[in-house]
Colleague: 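My questions will all concern the structure given below.
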Amino acid sequence: MQKEHIIIALADDDEDDRLFFKDAFDELKINTVVSTHCDGEELMNYLHQPETILPNILFLDLNMPRKNGFECLLEIKKNQKFDDIAIAIYSTSSSEEDIENTFVSGANIYIKKPSDFTMLKKILSEIVTLNWQYHTSGLNKENFLLRM
C-alpha cells in the first residue's frame with residue numbers, strides 16, 4: 001500500500017534556490033513530490049495542463065521574469081480549479097507593501113527566504129506539517145507572516 005504524499009510546487013527564477021529547496025525536502029524525509037518552475041509563466045502553464053495533479057502547497061517567489069509571483073497569485077485566485085491549493089509566498093522581500101498586497105490578494109502565508117540550509121529545512125518542515133484548514137480559517141495579519 002502506497003503512503004499518501006504531499007505534492008509541492010515551487011516557482012523561483014533562482015536556480016540555486018530551486019536546488020536548495022529540493023535538497024531540503026530530500027533531507028527531511030517527508031513523503032513529498034516536488035516540482036520546480038523557473039518563472040511564473042512556466043508555473044501557470046504547468047498548472048493548466050489537464051494531466052497535472054495540482055499541488056497541495058505552492059511556494060511562489062515574488063520577483064521573477066515573464067510573470068511574477070504576485071501575477072500568479074492573482075491568476076490562481078480567479079480560478080476555482082485552484083481553490084484547494086495553499087499558497088506560500090516565498091521571497092527575499094520583507095517589504096510591508098509586498099506582505100500586505102499578497103495577504104489581501106489571498107495568499108495563505110508569507111515566508112522570508114532563509115539565509116541558511118538548516119533554517120530552510122526547519123521552515124519547510126513547519127509549512128508541510130501545518131494544519132492548513134485551521135490556519136486558513138483563522139487567517140489574520142499576525143499569523144500570515146511566518147516567524148521562526
Side-chain angles (χ1 to χ4, degrees), residues 5-48 52-79 81-148:
H5 50 264
I6 300 165
I7 301 169
I8 308 286
L10 166 70
D12 194 321
D13 62 317
D14 186 306
E15 188 176 349
D16 289 338
D17 285 352
R18 291 191 309 269
L19 185 62
F20 286 138
F21 189 88
K22 284 191 90 139
D23 287 349
F25 274 115
D26 288 346
E27 284 193 21
L28 284 173
K29 305 288 190 250
I30 298 172
N31 198 8
T32 56
V33 174
V34 179
S35 66
T36 60
H37 310 276
C38 63
D39 62 46
E41 195 168 301
E42 182 185 300
L43 170 73
M44 295 313 299
N45 289 339
Y46 168 78
L47 292 177
H48 285 295
T52 295
I53 298 170
L54 295 177
N56 302 104
I57 307 169
L58 170 59
F59 290 81
L60 275 178
D61 183 20
L62 288 180
N63 301 310
M64 296 183 286
R66 299 195 317 158
K67 184 176 282 189
N68 68 38
F70 189 70
E71 292 167 319
C72 292
L73 174 62
L74 295 177
E75 187 175 332
I76 289 165
K77 287 301 177 181
K78 285 181 189 167
N79 190 330
K81 172 184 175 182
F82 305 130
D83 283 355
D84 293 334
I85 300 174
I87 300 174
I89 301 301
Y90 182 66
S91 180
T92 54
S93 169
S94 53
S95 146
E96 278 301 317
E97 184 180 1
D98 286 342
I99 295 166
E100 180 70 27
N101 287 342
T102 54
F103 174 74
V104 169
S105 298
N108 300 103
I109 197 161
Y110 195 102
I111 305 159
K112 183 147 177 7
K113 284 184 184 178
S115 54
D116 72 70
F117 191 67
T118 302
M119 185 56 81
L120 174 62
K121 289 193 306 186
K122 183 175 180 179
I123 286 170
L124 294 180
S125 177
E126 178 86 15
I127 295 299
V128 169
T129 58
L130 195 61
N131 181 338
W132 285 100
Q133 189 172 4
Y134 168 78
H135 183 80
T136 54
S137 68
L139 191 60
N140 60 53
K141 195 84 179 290
E142 282 68 53
N143 64 8
F144 179 64
L145 181 62
L146 180 69
R147 299 183 194 282
M148 301 281 295

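Numbering of residues begins at 1 and proceeds along the displayed sequence.
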Colleague: State, with a plain yes or no, whether a side-chain heavy atom of Ile87 is found less than 4.5 Å away from one of Leu60.
Modeller: yes
Colleague: Supply the atom-to-atom distance Leu43 CG to Arg66 CZ, rounded to the nearest 0.5 angstrom.
Modeller: 11.0 Å
Colleague: Return the minimal non-hydrogen interatomic distance between Asn56 and His5, and the atom names on each side.
Modeller: OD1-O, 4.1 Å
Colleague: Pairs in or reaching into residues 85-95: which pass side chain to side chain donor-acceptor pair (under 3.5 Å), with residues at least two apart or in two chains?
Modeller: Ser93-Asp98
Colleague: Got Pro55 and Leu47 here, is their nearest side-chain heavy-atom distance under 4.5 Å?
Modeller: yes
Colleague: How far apart are the closest heavy atoms of Lys22 and Thr36, and which atoms are they?
Modeller: CG-CG2, 3.8 Å
Colleague: Measuring only between side-chain heavy atoms, which start at C-beta, is Thr102 closer than 4.5 Å to Tyr110?
Modeller: yes
Colleague: Output the distance between atom CG (Leu73) and atom CZ (Phe82), rounded to the nearest 0.5 Å.
Modeller: 12.5 Å
Colleague: Quick check: closest heavy atoms across Asp39 and Met64, and the distance to 0.1 Å?
Modeller: CA-SD, 3.7 Å
Colleague: Could you check whether any side-chain heavy atom of Met44 comes within less than 4.5 Å of a side-chain heavy atom of Ile76, counting everything from C-beta outward?
Modeller: yes
Colleague: First locate atom CG of Asp13, then atom CZ of Arg18, and finally report the distance between them rounded to the nearest 0.5 Å.
Modeller: 7.5 Å
Colleague: Kindly give the heavy-atom pair with the smallest separation between Asn101 and Phe70, and that separation in Å.
Modeller: O-CE1, 3.5 Å
Colleague: Quick one: pull up NZ in Lys112 and CD1 in Ile99 and give me the separation to the nearest 0.5 Å.
Modeller: 9.5 Å
Colleague: Counting only heavy atoms not in Asp83 (residues, nucleotides, ligands), do more than 12 fall under 6.0 Å from its CG?
Modeller: yes
Colleague: Sequence neighbours left out, what passes side chain to side chain contact (heavy atoms under 4.5 Å, CB included) with Asp26? Give chain and number order.
Modeller: Asp23
Colleague: Mind checking whether Leu54 and Lys81 have side chains closer than 4.5 Å, heavy atoms only?
Modeller: yes
Colleague: So which atom in Val34 and which in Thr32 form the shortest heavy-atom distance, rounded to 0.1 Å?
Modeller: CG2-OG1, 3.8 Å
Colleague: As an exercise, state the distance from CD1 of Ile109 to CD of Glu126, rounded to the nearest 0.5 Å.
Modeller: 7.5 Å
Colleague: Within a strict 4.5 Å, meaning less than it, do heavy atoms of the Asp12 and Lys113 side chains meet?
Modeller: yes
Colleague: Do any pairs count as a side chain to side chain donor-acceptor pair (under 3.5 Å) and have a residue in residues 68-78, sequence neighbours left out, and if so which ones?
Modeller: His48-Glu75, Lys67-Glu75
Colleague: Taking all non-hydrogen atoms of both residues, which atom of Phe117 and which atom of Phe20 are closest, and how far apart?
Modeller: CE1-O, 3.4 Å
Colleague: Does Asp61 use its side chain to pair, donor to acceptor, with the backbone of Ala11 at less than 3.5 Å?
Modeller: no
Colleague: Does Tyr46 have more than 12 heavy atoms from other residues, nucleotides or ligands lying within 6.0 Å of its OH?
Modeller: yes
Colleague: With the side chain counted from C-beta on, respond yes when Leu124 and Lys121 share a heavy-atom pair under 4.5 Å apart, and no when they do not.
Modeller: no
Colleague: About how many Å separate CG of Leu58 and CD1 of Ile7, when rounded to the nearest 0.5 Å?
Modeller: 12.5 Å
